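These numbers were taken from a predicted model, which means no experiment stands behind them. So you know, we letter chains A, B, ... as the sequences are listed, proteins then strands, and number each from 1. Note that these values count all heavy atoms, side chains included, but never hydrogens, waters or copies made by symmetry.
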Amino acid sequence: MPELPEVETIRRGLEPLITRQFISDVEVRERRLRWPVTRNLAGLLRGQQILQLGRRAKYLLIKTSNGTLLVHLGMSGSLFYLSSVSKPTTHDHIDISFRGGSCLRFNDPRRFGSIHFTTQPKLHRLLTKLGPEPLGKDFSAEYLTHVSRSRRVAIKNHLMNGQIIAGLGNIYATEALFRAGIHPARPAGRISAARFSGLVQAIREVLNEAIRSGGTTLKDFVGGDGRPGFFQQSLNVYGRSGDPCFTCGVPIKRITQSQRSSYYCPRCQR
DNA sequence: CGAACGACCTGCAGGC
DNA sequence: TGCCTGCAGGTCGTTC
C-alpha cells in the first residue's frame, strides 16, 4: 500500500495524536507478519511514553522512552487511531492502547508488514543497508550517477532498490521516470549525468507533490488522520495503460519488470 | 560481486 | 453461483 509519501502522511497525521501518550497495554492477535512479532511486545512497551514519530524509507519510527518501534506496512498495512477502542475486525492484528482509552490499531490483510522494537534503531539490520533518503541532501545527481556506473539493471528496478534509494516504490519510480523522460527499461549505467540530474529533480518533485497531496489513494489508503490522499489525480502514467499520454497523446504502455507493472509513454520516454 | 527469481499472504475483478 | 487466473502500493533470502 504505502510508499514514502504515504508513510510520511501517516507520520504527520499520527504525530499530534499519539506523541506524549503513555502506552497502557499492547494486544497482539496475530504474530505471523513479514517477520514474527516478538512474544514480549507488550512487556517491552507497557508504561512507555511516545516521544517522537520519525520515518526512514517506508518505516515509521515510533520513539518511546526506552527504544524505538519500527513499523512497516508492507503492501496492504494500515494504522488507525481510535479515540475509543472498537471491537477488532478481520486483520486487525495489533492494538497499542493508551492511558485514557484511545488506541493505535495495526491492520494488514496480506501480512507483509512488520513490527520490531529496538533500543538501537541505527544499528537495526533492516535499516543499516538502506540508501539515502531521496528528499535528503545525500541524494544527488552525483551520487546516483556514481552508483549507476556500469550497472546493467533497468533503471526502474534500480530506483526500487532500497539500497540505492530509500523509500521509492512502484508508483513513484514509474512517475519520476515519466517526468524525467527516461524509459523504465533503460540500463542504469547507460544514462548520462545530465539526465540523472533531471531524474533526481523529478524524484524530489513527485515525492514532494505527493506528500503535499496527502499521498496516493488507489484503493483504501488513509493517512494518520483517517483522510484519503488525492495524488492519484496527478498520476501521469501509473495505471493508465492504453490511455493517451497527457503530453503527446500516444497510448501509455504497460510492461512487466521484476514481476511488477511499469507504465510509460513510448514517445516521451527513451 | 550483480542480477534474476521465488517466497511470503489475502482480496478482488474479470472471464467462463 | 462457482472456479480459475491474474493482479495489487514490498522486500528479503537464495541462486546463478
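- Ring-plane geometry between A:His72 and A:Tyr59 is classed as perpendicular, the angle between the planes exceeding 60 degrees on a 0 to 90 degree scale with a lower cut at 30.
- In this structure, the nucleotide among C:dG9, B:dG6, C:dA8 sitting nearest to the side chain of A:Tyr263 is C:dA8.
- By the ring pair (Phe, Tyr, Trp, His ring centres under 6.0 Å) test, A:Tyr238 pairs with A:Tyr263, sequence neighbours left out.
- The side chain of A:Arg152 sits closest to B:dA3 out of C:dC12, B:dA3, C:dT11.
- Side-chain N/O atoms of A:Gln232 and A:Thr217 include no donor and acceptor closer than 3.5 Å.
- In this structure, CD1 of A:Ile171 is placed 7 Å from P of C:dG10, rounded to the nearest angstrom.
- Comparing C:dA8, C:dC12, C:dG9 against the side chain of A:Ser261 picks out C:dA8 as the nearest.
- With sequence neighbours left out, the ring pair (Phe, Tyr, Trp, His ring centres under 6.0 Å) criterion links A:Phe178 to no other residue.
- In this structure, OH of A:Tyr172 is placed 12 Å from P of C:dG9, rounded to the nearest angstrom.
- Using a 4.0 Å heavy-atom cutoff across all strands shown, A:Ser258 reaches no nucleic acid atom at all.
- The nearest whole Å value for the distance from the CG atom in A:Asp108 to the P atom in C:dA8 is 18 Å.
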Note to self: With side-chain contact (heavy atoms from CB on, under 4.5 Å) as the criterion, how do A:Tyr143 and A:Asp138 come out once you've worked through the C-alpha distance, each side chain's angles and the decisive distance to 0.1 Å?
What the structure shows: CA-CA 8 Å; A:Tyr143 166 79; A:Asp138 292 344; over 6 Å; no
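- On the P atoms, B:dA3 is 23 Å away from C:dG9, given to the nearest whole Å.
- Between A:Arg11 and A:Glu6 there is no salt bridge, since no side-chain N of the basic residue sits under 4.0 Å from a carboxylate O of the acidic one.
- Here, B:dC9 and C:dC3 have their P atoms 23 Å apart, quoted to the whole Å.
- For the pair A:Arg34 CZ and B:dA7 C1', the interatomic distance rounds to 8 Å; values are reported in whole Å.
- Applying the 4.0 Å criterion to OP1 and OP2 of C:dG13, one finds that A:Arg125 has a side-chain N or O inside that range.
- Atom-to-atom, CE of A:Met160 to P of C:dG10 comes out at 5 Å; the value is rounded to the nearest Å.
- The CG-P distance, from A:Asn161 to C:dG10, rounds to 13 Å in whole Å.
- Nucleic acid contact class of A:Phe231 (heavy atoms, under 4.0 Å, all strands): none.
- Applying the 4.5 Å side-chain rule to ILVMFWY residues, one finds that A:Leu123 remains a lone member of its cluster.
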Margin query: For nucleotides 9-15 of chain B, give me one character per nucleotide, 5' to 3': B if any protein heavy atom sits under 4.0 Å from the base, S if the only such contacts are to the sugar-phosphate, - if neither.
Written below: BBS----
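- Side chain to side chain, A:Ser102 and A:Tyr81 meet the donor-acceptor criterion of an N or O pair below 3.5 Å.
- Computed from coordinates, the A:Tyr59 OH to C:dG10 P distance equals 12 Å when rounded to whole Å.
- Checked by atom type, the side-chain pair A:Asp25/A:Ser97 shows no donor-acceptor distance below 3.5 Å.
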Notebook entry, point to check: Which dot-bracket string describes DNA chain B (Watson-Crick N1-N3 plus N6-O4 or O6-N4, or G-U N1-O2 and O6-N3, all under 3.5 Å; [ ] crossing; | other strand)?
Noted result: .|||||||.|||||||
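- Look at A:Arg260 and you'll find a side-chain N or O under 4.0 angstrom from OP1 or OP2 of C:dG9.
- Proximity note for A:Leu126 (side chain, C-beta onward) versus C:dG9, B:dA4, C:dC12: the nearest is C:dC12.
- The CD1 atom of A:Ile164 sits 13 Å away from the P atom of B:dC1 (whole-angstrom rounding).
- Applying the salt bridge (charged side-chain N to carboxylate O under 4.0 Å, His left out) criterion to A:Asp95, with sequence neighbours excluded, gives A:Arg29, A:Arg105.
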